[in-house]
Undergrad: 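Attaching a single structure in structure tokens format; questions to follow.
Worth knowing before you read on, the calculation uses all heavy atoms, side chains too, and leaves out hydrogens, waters and symmetry mates.
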Amino acid sequence: MDIRVEGAEQLIAKLTTVQQFNKVKAAISQESVMLIGKLKHYPRKTYMPNPLIKSNPKVRRAFFAKMKAGEISVPYRRSGDLRKHWNRWLGDGGMSVTISNYLNYAPLVQGENQTFGHGASGWLTIDAAEKKYAPKIKLRIMKAIEEELRNV
């Protein structure tokens with residue numbers, strides 16, 4: 001007895017394409033690049049006096065000691081370091097992405113411990129970025145999945 005399955009090679013090629021999900025992986029990677037771009041954005045520089053310098057002698061002494069030691073300058077000059085430390089790692093063969101910033105002060109600027117001053121000056125937090133961009137990111141990834149499956 002001889003069994004012959006016609007189209008098996010084409011079927012295997014299509015299943016391999018679905019298994020690889022290259023368009024989906026590309027969409028996930030592209031969306032992570034877009035999101036990092038949003039997180040790297042520095043808001044317009046705004047002056048906001050620190051009321052503690054006038055009302056708290058300990059804060060005032062620390063401020064002037066750090067200024068005298070050259071640790072801080074007035075007006076503050078942005079280093080751009082926060083922007084440089086955003087990273088992404090692709091996992092699960094490109095099916096997931098981890099975005100992070102390990103700079104020691106990043107949580108105070110864009111993390112869950114964001115200080116009032118950074119929030120008032122317009123720094124985008126990770127949570128706010130997720131709320132703002134996640135729905136559209138999910139839609140674009142779902143489109144990639146649908147397109148990948150449609151072409152099978």
Side-chain angles (χ1 to χ4, degrees), residues 7-53 56 58-59 62-63 65-152:
E9 292 169 358
Q10 291 90 349
L11 178 61
I12 290 169
K14 287 181 179 185
L15 290 174
T16 301
T17 300
V18 170
Q19 182 186 20
Q20 291 172 350
F21 257 27
N22 289 329
K23 290 179 183 176
V24 176
K25 291 175 186 176
I28 291 169
S29 178
Q30 185 178 4
E31 294 300 325
S32 69
V33 170
M34 181 278 302
L35 190 56
I36 283 180
K38 299 294 185 185
L39 290 165
K40 283 183 173 184
H41 175 73
Y42 276 50
R44 183 176 295 142
K45 200 172 179 181
T46 56
Y47 173 73
M48 183 182 294
N50 183 344
L52 292 177
I53 290 176
N56 187 323
K58 187 176 179 181
V59 171
F63 170 79
K66 287 184 180 286
M67 199 163 90
K68 185 176 181 179
E71 294 177 37
I72 60 173
S73 62
V74 176
Y76 173 73
R77 278 178 251 121
R78 291 179 169 173
S79 65
D81 285 346
L82 190 63
R83 177 184 297 128
K84 297 172 194 169
H85 284 83
W86 280 106
N87 294 299
R88 68 186 183 114
W89 290 270
L90 299 172
D92 299 325
M95 294 299 285
S96 70
V97 179
T98 301
I99 295 173
S100 63
N101 190 320
Y102 289 109
L103 203 58
N104 63 349
Y105 59 82
L108 299 172
V109 180
Q110 291 185 281
E112 58 188 38
N113 299 325
Q114 185 183 58
T115 63
F116 173 79
H118 289 116
S121 64
W123 282 96
L124 180 67
T125 64
I126 295 167
D127 289 341
E130 181 181 355
K131 287 177 187 161
K132 184 173 182 176
Y133 299 108
K136 288 185 179 179
I137 288 172
K138 288 177 185 176
L139 281 175
R140 288 189 289 263
I141 292 172
M142 285 303 297
K143 266 188 180 176
I145 291 170
E146 290 168 3
E147 186 179 329
E148 192 93 57
L149 294 174
R150 191 175 331 125
N151 293 333
V152 173

Undergrad: Verify, without hydrogens or angle tests, whether Ser29 (side chain) and Lys25 (backbone) share a donor-acceptor contact under 3.5 angstrom.
TA: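 Side chain of Ser29 to backbone of Lys25: no pair is present.
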Undergrad: In Å, rounded to the nearest 0.5 Å, how long is the span from CZ of Arg78 to CZ of Arg83?
TA: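 If I round to the nearest 0.5 Å, the distance is 8.5 Å.
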Undergrad: Under a 4.5 Å cut-off applied to non-hydrogen side-chain atoms, are Ile99 and Trp86 in contact?
TA: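 Of all side-chain heavy-atom pairs linking Trp86 with Ile99, at least one is under 4.5 Å.
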Undergrad: Kindly write out the residues that satisfy salt bridge (Lys or Arg N to Asp or Glu O under 4.0 Å) with Glu112, not counting sequence neighbours, or none if the list is empty.
TA: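 Glu112 satisfies salt bridge (Lys or Arg N to Asp or Glu O under 4.0 Å) with no other residue.
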Undergrad: Does the side chain of Ser100 come under 3.5 Å of the side chain of Arg88 through a donor N or O and an acceptor N or O?
TA: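 Arg88 and Ser100 do not have a side-chain donor-acceptor pair below 3.5 Å.
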Undergrad: CD1/Ile28 to CG/Leu90 distance, rounded to the nearest 0.5 angstrom?
TA: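 That separation rounds to 9.0 Å.
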Undergrad: Can you tell me how far apart CD (Glu146) and NZ (Lys23) are? Round to the nearest 0.5 Å.
TA: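 That separation rounds to 12.5 Å.
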Undergrad: When you measure from the side chain of Gln110 to the backbone N and O of Leu39, does any donor-acceptor pair fall under 3.5 Å?
TA: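 Present.
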Undergrad: Side chains of Val24 and Met95, heavy atoms from C-beta outward: is any pair under 4.5 Å?
TA: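 Yes; the side chains approach each other to less than 4.5 Å.
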Undergrad: Side chains of Ile137 and Met34: does their closest heavy-atom pair fall under 4.5 Å?
TA: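 Sidechains of Met34 and Ile137: in contact.
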Undergrad: Counting distance only, does the side-chain N/O of Asn87 pair as donor-acceptor with the main-chain N or O of His85 below 3.5 Å?
TA: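 Looks like yes, one N/O pair under 3.5 Å.
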Undergrad: Looking at side-chain heavy atoms only, is the closest gap between Leu124 and Tyr133 below 4.5 Å?
TA: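 Yes. Closest side-chain heavy atoms under 4.5 Å.
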Undergrad: Can you sort out the partners of Tyr42 under ring-ring contact (aromatic ring centres under 6.0 Å, His included), two or more places apart, ordered by chain and number?
TA: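 Tyr42 satisfies ring-ring contact (aromatic ring centres under 6.0 Å, His included) with Trp123 only.
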Undergrad: State the CG-CG distance between Asp81 and Leu103, to the nearest 0.5 angstrom.
TA: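 So the CG of Asp81 and the CG of Leu103 are separated by 6.0 Å.
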Undergrad: When you measure from the side chain of Asp92 to the backbone N and O of Gly94, does any donor-acceptor pair fall under 3.5 Å?
TA: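 Between the backbone of Gly94 and the side chain of Asp92 there is no qualifying donor-acceptor contact (under 3.5 Å).
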Undergrad: Can you check whether Ile141 reaches Glu31 side chain to side chain, under 4.5 Å on heavy atoms?
TA: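 Result yes, sub-4.5 Å side-chain heavy-atom pair found.
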Undergrad: Could you grab the distance from atom NZ of Lys66 to atom CD of Glu71, nearest 0.5 Å is fine?
TA: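 Reported value, rounded in 0.5 Å steps: 4.5 Å.
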Undergrad: Rounded at 0.5 Å granularity, tell me how far CZ in Phe21 sits from CG in Leu149.
TA: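 Going from the CZ atom of Phe21 to the CG atom of Leu149 covers 4.5 Å.
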Undergrad: We want to know whether His118 and Ser121 form a side-chain donor-acceptor pair, criterion being a heavy-atom distance below 3.5 angstrom.
TA: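 Result is no, nothing qualifies.
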